[in-house]
Amino acid sequence: MVIERLGGSIRWDQQARSATFSFDAATSLKIDVDQGILVSTKRSGETTTVTVPVQMINDSVWVPLRDIFEKAGHDRMLATTDLKERRVKVA
C-alpha cells in the first residue's frame, strides 16, 4: 500500500509468493518472499540481486523502504518520525 501511495504499482504472484513493482518505466523490482531477495531490473536489462529482510504480516509484504528506494534509483533519503502523529516523513 505504501508503494501505491507513493505513485508506484504492485503486482502479487500468489503461486511464486513474489511481488513485482515499479515507480516508473526505468526500473522494475521483484521481491521473493520465501528467498528474501530483491531483484532490480533496469530498462537496459541489467539486473542486481540483494538479500533483504522480508516479512509477511497479515497478507502484506513488509520490506525496508530504504532498500526499495535505493534499488529503484532514488537518492539516499532522510526519514524522521513524529510519534504524536504516528507518521514517518521521508525527504
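Every value quoted in this text rests on a predicted model; they were computed, and no experiment measured them. The chain is numbered in sequence order, starting from 1.
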For the hydrophobic clusters of this structure (ILVMFWY residues joined by side-chain heavy atoms under 4.5 Å, transitively), does one cluster hold both I10 and V39? no

I need the minimum non-hydrogen distance between T27 and S22, along with the two atoms involved. O-CB, 3.3 Å

Taking C-beta and beyond as the side chain, do P53 and D67 meet within less than 4.5 Å on heavy atoms? yes

Heavy-atom side-chain contact between W12 and V33 under 4.5 Å: yes

When rounded to the nearest 0.5 angstrom, what is the spacing between CG in L38 and OG1 in T51? 9.5 Å

Is there a path from I37 to V63 through hydrophobic residues (I, L, V, M, F, W, Y) whose side chains come within less than 4.5 Å of each other? no

I57 to Q55 - nearest heavy-atom pair and separation: CD1-OE1, 3.3 Å

Just wondering, do T20 and D13 contact through their side chains at under 4.5 Å, heavy atoms? no

Shortest non-hydrogen contact between S18 and D32, atoms and distance: CB-CA, 4.2 Å

Does CH2 belonging to W62 count more than 12 external heavy atoms closer than 6.0 Å? no

Do F21 and K30 have side chains that get closer than 4.5 Å, going by heavy atoms? no

Nearest 0.5 Å please: distance from the OG atom of S28 over to the CZ atom of R43. 12.0 Å

